[in-house]
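Take a look at the structure below.
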Amino acid sequence: MPAAASHQQSFDPVQILHDRFAAAIAAAFPEHAGGAADPVITPSKNPKFGDFQANGAMPLGKLIGRSPREAAAAIVKSVDLGDIAEPLSDASIAGPGFINITLKNTALARLLDRLDSTALGLDPVHGAEKQTIVVDLCGVNLAKQMHVGHLRAVIIGDAVARVFERMGHKVIRQNHVGDWGLNIAMVTAKLIELEKRGEKIDKLDLDRLEKLYKAAQKECSADERGLAMVEKYNLGPKALAEIGTQVHEAREHLAGAKNTLVKLQAHDPATVAVWKRIADLTMDACLATCKRLGADVTAEHSAGESSYAEELAPLVADLVARGITQESEGALVIRVEGFAEPCIIRKSDGGFLYATTDLAGIRRRVQRFGADRVVYCVDARQGLHFRLVFAAAHRAGFDVAPGHASPSSLEHAAFGMVLGQDGKPYKTRSGENVKLSDLLDEAVERAAAAVAGKNPDLSAEERTRIADAVGIAAIKYVDLSNDRIKDYVFDFDRMLAFEGNTGPYLLYALVRIRSIFRKAGSGMSALRADAPAAITIATPEEKTLALTLLRYPGVVRGVAASLEPHRLCQYLFDLAGAFSSFFTNCPVLQAHDEATKRSRLRLCAITERVLADGLSMLGIPTLDRM
RNA sequence: GUCCCGGUAGCUCAGUUGGAUAGAGCGGCCGCCUUCUAAGCGGCAGGUCGGGCGUUCGAAUCGCCCCCGGGACGCCA
């Protein structure tokens with residue numbers, strides 16, 4: 001196989017046309033050959049304007065002080081489209097200076113042939129293009145169930161990581177687990193207390209643990225304001241006694257928790273043992289849910305805050321020594337240009353904060369792991385926090401990898417909230433967070449009912465398997481197909497409707513293709529690698545399908561650059577639609593002649609591979625039947 | 001108060017570097033299964049792209065000012 005670089009571009013019509021037109025502009029206007037004149041090649045929206053259009057003549061006309069149509073005429077005259085497209089003429093120029101281009105069907109066939117033979121246009125990056133990319137995802141906390149708030153951090157993070165992996169980058173997933181600090185010490189203290197009272201904690205489950213966590217939080221939270229009010233307004237000895245008791249007990253609990261934190265930090269074996277039990281219990285449940293979701297998040301990706309605990313004091317000391325920090329109201333902060341708020345890295349009581357840990361995280365990821373990019377798949381509400389931390393890390397020089405001249409890229413792939421039908425954050429009727437496992441259960445249950453209705457002939461075992469795949473696909477796809485930054489409304493009926501831009505629709509499109517191959521039998525010889533069938537593009541449906549297939553590599557690169565998986569979803573939906581039209585209008589196995597049948601089989605095969613490949617990047621497993 | 005993000009068809013959402021008549025799906029209406037899975041395909045109806053001003057040959061897209069909704073704003077994470 002030829003080296004990727006030049007070969008890789010040679011099936012992308014946009015790239016080819018860009019090169020041809022850039023050459024034509026350089027030839028026609030040598031004085032502007034510096035690259036300022038972009039041909040601006042885009043797919044045409046309306047078929048009557050051809051397949052592609054070159055829109056560069058308008059800005060070029062302005063640049064050279066002639067009318068856009070004149071510029072277009074000069075470009076048309078000098079461009080050499082060879083056997084790629086139909087010859088251009090003055091009739092190809094429309095409106096203010098659009099140049100309409102229609103590809104030759106033979107060229108489409110040739111490009112598809114190349115796409116088919118080169119890892120679907122995505123040969124692994126190599127050399128300087130290959131990056132090390134850290135993807136921060138999942139982000140669970142100890143002693144808490146995964147709930148709907150974690151859904152996007154897992155699904156989007158996993159998809160983004162898969163896209164990078166597919167492109168050949170080195171990806172390091174990091175599940176930044178909230179497993180340290182006073183809150184965790186509180187629940188640890190609570191457990192120790194219970195055990196002292198003789199309660200068994202070995203058989204604890206996560207539900208019970210979460211209740212204990214909330215109870216511990218409450219116990220440690222003193223009503224200081226209430227006490228102040230009682231004292232200020234002299235509300236009487238009874239009120240004073242009541243609230244005084246509450247405050248006194250809370251202060252004691254808090255002191256106990258702080259003491260527990262000190263013991264944890266000092267690696268006291270008994271305390272650490274209890275903490276470890278909490279950690280194991282939580283992480284087992286978390287990783288099980290991730291596995292069920294088909295997300296590649298495992299124990300080796302865990303990087304808890306506890307793993308940074310020993311680094312924080314030296315890190316802060318280093319920053320102080322380098323004069324990057326300053327004191328402010330008793331706290332230690334890093335001032336960042338353009339922000340009124342400072343980045344606080346040490347509290348006035350000497351404790352560290354999540355910004356401190358995040359700074360340590362950036363330093364580890366860039367300087368130890370060698371990350372060229374660090375991508376945080378975290379809720380949009382943390383936007384300000386990340387901007388501060390990124391800027392602080394930059395001031396500290398933590399974002400420059402060893403041997404690198406320029407800083408690595410720190411990116412917050414922020415996502416919006418999951419809303420209920422009332423437009424407010426998605427909760428249970430009683431106002432609790434919805435457990436992720438319950439959400440998955442319900443999706444699978446609903447999918448099972450739908451599958452049973454649509455295809456009663458399946459065995460119970462197969463139906464279960466399909467329902468599981470469809471239910472999970474529905475949830476993941478709806479999350480990924482919405483613009484990341486926006487909130488979206490969670491609606492089981494819509495995502496499982498099997499119509500429109502949904503996971504089930506895409507799975508179905510793929511199933512229909514695979515069904516053809518099951519029935520093809522000896523026709524499979526059309527796909528033999530040593531003698532593949534010749535592709536012929538004859539019908540409008542074949543042409544649309546071909547044009548859509550050829551967009552694939554560019555779409556994937558766009559997703560990697562923008563961190564927006566919904567572009568891939570939109571593309572796969574387009575492709576599934578193009579295939580469905582083809583499927584309806586172009587008989588494959590019943591084609592009029594053998595050559596057409598073989599050509600169409602190969603179109604099916606390429607579509608099948610692209611759909612499956614795209615879905616695999618979304619972390620959605622496919623089915624053979626449904 | 002300051003900052004960030006949204007506002008596109010009745011509903012849910014796309015809209016690439018500014019490009020021609022703004023697109024899907026659902027819902028409504030009308031067609032298409034003797035033939036590869038109709039969970040599909042084709043068509044019709046449905047829009048002051050929140051409002052205004054500006055930049056431009058050209059604005060849903062860029063700039064400024066408003067309106068509405070959400071979010072974040074020093075020692076929680």
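Throughout, a chain's letter reflects where its sequence line sits, starting with A, and its residues are numbered from 1.
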Any N/O pairs under 3.5 Å between the protein and nucleotides 55-63 of chain B? List them or say none.
{"from": "B/C57", "atom 1": "OP1", "to": "A/K62", "atom 2": "NZ", "distance (Å)": "2.8"}

Using the 3.5 Å cut-off, write out each protein N or O paired with an N or O of nucleotides 40-44 of chain B and the distance between them.
{"from": "B/G40", "atom 1": "OP1", "to": "A/F498", "atom 2": "O", "distance (Å)": "2.9"}
{"from": "B/G40", "atom 1": "O2'", "to": "A/R512", "atom 2": "NH1", "distance (Å)": "3.4"}
{"from": "B/G40", "atom 1": "O2'", "to": "A/R512", "atom 2": "NH2", "distance (Å)": "2.6"}
{"from": "B/C41", "atom 1": "OP1", "to": "A/Y505", "atom 2": "OH", "distance (Å)": "2.8"}
{"from": "B/C41", "atom 1": "O4'", "to": "A/T584", "atom 2": "OG1", "distance (Å)": "3.3"}
{"from": "B/C41", "atom 1": "O3'", "to": "A/S581", "atom 2": "OG", "distance (Å)": "3.2"}
{"from": "B/G42", "atom 1": "OP1", "to": "A/S581", "atom 2": "OG", "distance (Å)": "3.0"}

List, with names and distances, any nitrogen or oxygen atoms from the protein found under 3.5 Å away from nitrogen or oxygen atoms belonging to nucleotides 5-9 of chain B.
{"from": "B/G7", "atom 1": "OP1", "to": "A/K486", "atom 2": "NZ", "distance (Å)": "2.9"}

So which protein N/O to nucleotides 69-73 of chain B N/O distances come out below 3.5 Å?
{"from": "B/C73", "atom 1": "O2'", "to": "A/E341", "atom 2": "OE2", "distance (Å)": "2.7"}

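Between A/V14 and A/N46, the residue anchored nearer the 5' end of RNA chain B, judged by the nucleotide with its closest heavy atom, is A/V14. Each of A/V40 and A/F573 has a nearest nucleotide on RNA chain B; the 5'-most of these lies closest to A/V40.
Looking at residues two or more places apart in sequence or on another chain, you find a side chain to side chain contact (heavy atoms under 4.5 Å, CB included) between A/D51 and A/T102, A/L103, A/K543, A/L547. A/Q382 pairs by the side-chain hydrogen bond (donor to acceptor under 3.5 Å, both in side chains) definition with nothing, not counting sequence neighbours. For A/N100, there are no side-chain hydrogen bond (donor to acceptor under 3.5 Å, both in side chains) partners two or more places apart in sequence or in a different chain. By the side-chain hydrogen bond (donor to acceptor under 3.5 Å, both in side chains) test, A/D379 pairs with A/R381, sequence neighbours left out. Take A/D479 and apply the side-chain hydrogen bond (donor to acceptor under 3.5 Å, both in side chains) test, not counting sequence neighbours, and it matches A/R152, A/Y488. Considering only residues two or more places apart in sequence or on other chains, A/R567 meets the salt bridge (Lys or Arg N to Asp or Glu O under 4.0 Å) condition with A/E564.
When the nucleotides B/C36, B/A20, B/A39 are ranked by their closest atom to the side chain of A/Q590, B/C36 comes out on top. With distances taken from any side-chain atom of A/F49 to the nucleotides B/G15, B/A20, B/A39, the minimum falls on B/A20. Counting only heavy atoms from C-beta on, A/I344 has its side chain closest to B/G74 among B/G74, B/C4, B/A24. Checking B/A77, B/C36, B/G19 against every side-chain atom of A/N141, the shortest atom distance belongs to B/A77.
Across all strands, A/I466 comes closer than 4.0 Å to no nucleic acid atom at all (heavy-atom distances). The residue A/D379 sits apart from the nucleic acid: no heavy atom pair falls under 4.0 Å. Residue-level contact check: A/L589 touches the bases, meaning some heavy atom is under 4.0 Å from a base atom.
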Intra- and interstrand pairs of RNA chain B - dot-bracket, Watson-Crick/G-U under 3.5 Å, | marks other strand: (((((((..((((.....[...)))).(((((.......))))).....(((((..]....))))))))))))....
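In terms of polar N and O atoms assigned as donor or acceptor, the side chain of A/Q570 never comes within less than 3.5 Å of the base of B/A24 in a complementary pairing.
Every pair passing ring pair (Phe, Tyr, Trp, His ring centres under 6.0 Å) that includes a residue from residues 554-573 of chain A is listed here, sequence neighbours excluded: A/Y505-A/F573, A/Y552-A/Y571.
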